[in-house]
Amino acid sequence: MVKEKTFKKPRNILFGLMMVFVTAVQFVLPANAMTVYESDGNYHDEGYIFIGESHSVIAAHAVGVKAAETDNVFWWGGDGLSYEYQWDSSRAVTPDGSPNTFTMKGNLFFVFEGNADGTDNTVQCSRQYIYSDGMGNRGTGVQKIHEIINGNPNIAHWNIISIHGAVSAAQGTREIANYYVNSYRNWMTYEFPEADCYFLSVATMTKYYKSTSDKKVFNNTLAAAFPDRFFDYTDFYAARSPQRMIDTLHWDDPTYIDLISDVLQKVEQKRLERQAAEQPPEPVVVEFTVTEVQAVFGTNDRTVIYEQPSFDSNVLLQSCETGIPIQVTGITDNGFFRVCVSPDGTASYISGDGLTLMQ
């Protein structure tokens with residue numbers, strides 16, 4: 001359970017992390033990360049991992065407050081979510097003495113470092129946080145995702161959602177956008193091939209990006225690379241800007257609640273669509289009667305052999321040479337010949353214009 005004192009801490013503790021976004025840091029420093037990921041030991045069909053910068057920190061806290069109101073279990077979309085979040089000083093504090101341990105368990109997790117200015121935020125704001133070269137070299141954030149997955153064998157399938165890139169997008173270069181694309185491709189093919197990965201747009205319409213020369217290149221590059229995995233939230237953010245912003249970059253808690261809820265519903269919809277596409281087609285059931293006959297007809301240029309006497313049935317043979325003798329054993333009441341062309345005697349069917357009477 002979330003301790004009551006967790007949510008009585010001043011909001012500026014969370015916002016200490018945000019100040020690092022003033023400049024983009026392109027290298028990774030060692031940090032003692034204080035996000036702790038545990039297993040609840042319960043079976044879950046689906047698990048969800050969000051990874052990001054300060055947006056992930058605030059979202060983790062906002063969703064934690066919501067979860068605590070319903071005993072850490074709630075419903076978004078069709079999936080039951082378990083999320084237990086605790087923010088305290090049990091393992092670490094920031095240099096100014098504020099709580100800096102974030103513990104999560106359930107089937108929903110948020111990946112970030114912590115709130116220590118100059119260490120935690122320096123690591124997670126770097127583009128290297130999400131890096132993967134597809135050969136074992138990976139950023140700290142990717143290592144944390146592996147940690148969560150390895151520590152939760154009770155979760156059957158994973159969905160990984162990146163909301164990272166707020167700092168990198170501010171530089172407005174295709175080179176940086178391609179860096180993300182290449183790493184994300186390695187996520188899907190090397191790091192997490194069994195998981196479903198999704199990538200969210202960055203809200204580059206806010207004042208934080210006023211000096212960015214190309215505000216669209218980051219989102220557009222990801223959208224082009226991952227058309228089925230990219231979620232564009234431009235309109236979502238625009239509808240809440242600036243009235244629901246708390247500074248030039250970040251949003252209020254209800255916005256992050258709305259965002260995470262909507263993303264989870266989109267992920268569920270994608271999964272249902274994929275499952276439907278993977279289902280084998282329903283067999284065609286045709287009701288018909290047959291008049292028994294014994295005759296020999298010849299194939300022609302319209303001969304198509306069907307599994308059932310229906311044009312919607314499975315096609316066994318799309319075409320064949322003309323003039324081949326075919327044994328007809330019956331005529332259906334819907335205009336098909338029943339024929340015997342299989343060595344095991346299984347019946348198949350040819351439409352009425354697909355055979356010609358042999359002379």
Side-chain angles (χ1 to χ4, degrees), residues 14-29 50-59 111-113 117-118 120-133 138-142 161-188 197-252 255-256 258-259 262-263:
L14 279 175
F15 300 154
L17 171 65
M18 304 172 191
M19 302 309 296
V20 76
F21 282 83
V22 175
T23 57
V25 182
Q26 296 304 320
F27 55 90
V28 175
L29 297 176
F50 286 81
I51 178 172
E53 300 136 292
S54 57
H55 292 303
S56 187
V57 179
I58 305 174
V111 171
F112 54 88
E113 291 300 301
D117 191 14
D120 296 339
N121 48 17
T122 300
V123 173
Q124 71 189 33
C125 292
S126 168
R127 60 180 176 175
Q128 293 184 24
Y129 197 62
I130 57 89
Y131 176 71
S132 169
D133 67 354
R138 53 179 68 108
T140 305
V142 181
I161 304 104
S162 179
I163 56 176
H164 202 276
V167 169
S168 297
Q171 298 184 48
T173 69
R174 187 172 299 278
E175 176 188 2
I176 289 178
N178 286 336
Y179 180 100
Y180 275 76
V181 167
N182 292 335
S183 289
Y184 288 155
R185 281 182 176 147
N186 290 329
W187 282 22
M188 293 186 289
C197 298
Y198 300 95
F199 316 105
L200 271 57
S201 64
V202 175
T204 56
M205 79 288 293
T206 66
K207 289 183 179 180
Y208 178 74
Y209 299 92
K210 63 182 179 180
S211 62
T212 301
S213 57
D214 190 343
K215 294 179 175 62
K216 296 182 178 181
V217 64
F218 186 86
N219 289 335
N220 287 349
T221 303
L222 264 63
F226 310 108
D228 296 327
R229 304 282 179 165
F230 180 78
F231 294 157
D232 188 353
Y233 277 90
T234 300
D235 293 341
F236 172 94
Y237 288 120
R240 293 161 174 78
S241 176
Q243 65 271 21
R244 287 177 63 173
M245 299 195 73
I246 58 176
D247 55 27
T248 63
L249 180 62
H250 302 94
W251 312 82
D252 60 11
T255 295
Y256 289 103
D258 292 345
L259 174 66
D262 195 76
V263 170

Under 3.5 Å, is there a donor-acceptor pair between the side chain of Tyr209 and the main chain of Ala166?
yes

If you apply the rule side chain to side chain donor-acceptor pair (under 3.5 Å), what do you find for Glu53 with Tyr129, and how did you get there?
CA-CA 9 Å; Glu53 300 136 292; Tyr129 197 62; over 6 Å; no

Does the side chain of Thr212 reach to within under 4.5 Å of the side chain of Thr204, using non-hydrogen atoms?
no

Quick one: do Phe230 and Phe199 satisfy ring-ring contact (aromatic ring centres under 6.0 Å, His included)? Show the steps, please.
CA-CA 5 Å; Phe230 180 78; Phe199 316 105; 8.3 Å; no

Pair Arg240, Asp235 - check salt bridge (charged side-chain N to carboxylate O under 4.0 Å, His left out), show working.
CA-CA 9 Å; Arg240 293 161 174 78; Asp235 293 341; over 6 Å; no

For Asp262, side chain to side chain donor-acceptor pair (under 3.5 Å) partners two or more places apart
Tyr233, Lys266

Applying side chain to side chain donor-acceptor pair (under 3.5 Å), name anything that partners Asn182, two or more places apart in sequence or on another chain.
none

Output for pair (Arg229 CZ, Leu222 CG), nearest 0.5 Å, gives 13.5 Å

Mutual orientation of the aromatic rings belonging to Tyr198 and Phe231 [parallel < 30°, tilted 30-60°, perpendicular > 60°]:
parallel

Kindly say whether Ser201 contributes a backbone atom to a donor-acceptor pair with the side chain of Asn219 at under 3.5 angstrom?
no

May I ask you to test the Thr255-Phe236 pair for a side-chain heavy-atom distance under 4.5 Å?
yes

Has the side chain of Gln243 got a donor or acceptor atom that lies under 3.5 Å from a matching backbone atom of Ala239?
yes

Nearest 0.5 Å please: distance from the CG atom of Asp214 over to the OG1 atom of Thr173.
9.0 Å

What residues, two or more places apart in sequence or in another chain, satisfy ring pair (Phe, Tyr, Trp, His ring centres under 6.0 Å) together with Phe50?
Phe110

Could you state the interatomic distance from CE (Met205) to OG1 (Thr234), rounded to the nearest 0.5 Å?
5.0 Å

Would you check if the side chain of Ser241 reaches a backbone N or O of Tyr237 as a donor-acceptor pair within less than 3.5 Å?
no

Return the set of residues passing side chain to side chain donor-acceptor pair (under 3.5 Å) with Thr248 (not counting sequence neighbours), or none when no residue passes.
none

Among residues at least two apart in sequence or on other chains, which ones pass side chain to side chain donor-acceptor pair (under 3.5 Å) with Tyr180?
His164, Ser168

Determine whether the side chains of Tyr184 and Ser162 contain a donor N or O and an acceptor N or O closer than 3.5 Å.
yes

NZ of Lys210 to NZ of Lys215, rounded to nearest 0.5 Å, is 10.5 Å

Calculate, to the nearest 0.5 Å, the distance between atoms OH and CD1 belonging to Tyr256 and Ile58 respectively.
4.0 Å

Show, in sequence, the C-alpha distance, side-chain angles and deciding distance for Asp247 and Lys207, and conclude whether the salt bridge (charged side-chain N to carboxylate O under 4.0 Å, His left out) test is met.
CA-CA 9 Å; Asp247 55 27; Lys207 289 183 179 180; over 6 Å; no

To the nearest 0.5 angstrom, please state how far the CD1 atom of Ile130 sits from the OG1 atom of Thr140.
11.5 Å

Apply side chain to side chain contact (heavy atoms under 4.5 Å, CB included) to Asn186 and list each qualifying residue two or more places apart in sequence or on a separate chain.
Ser132, Thr189

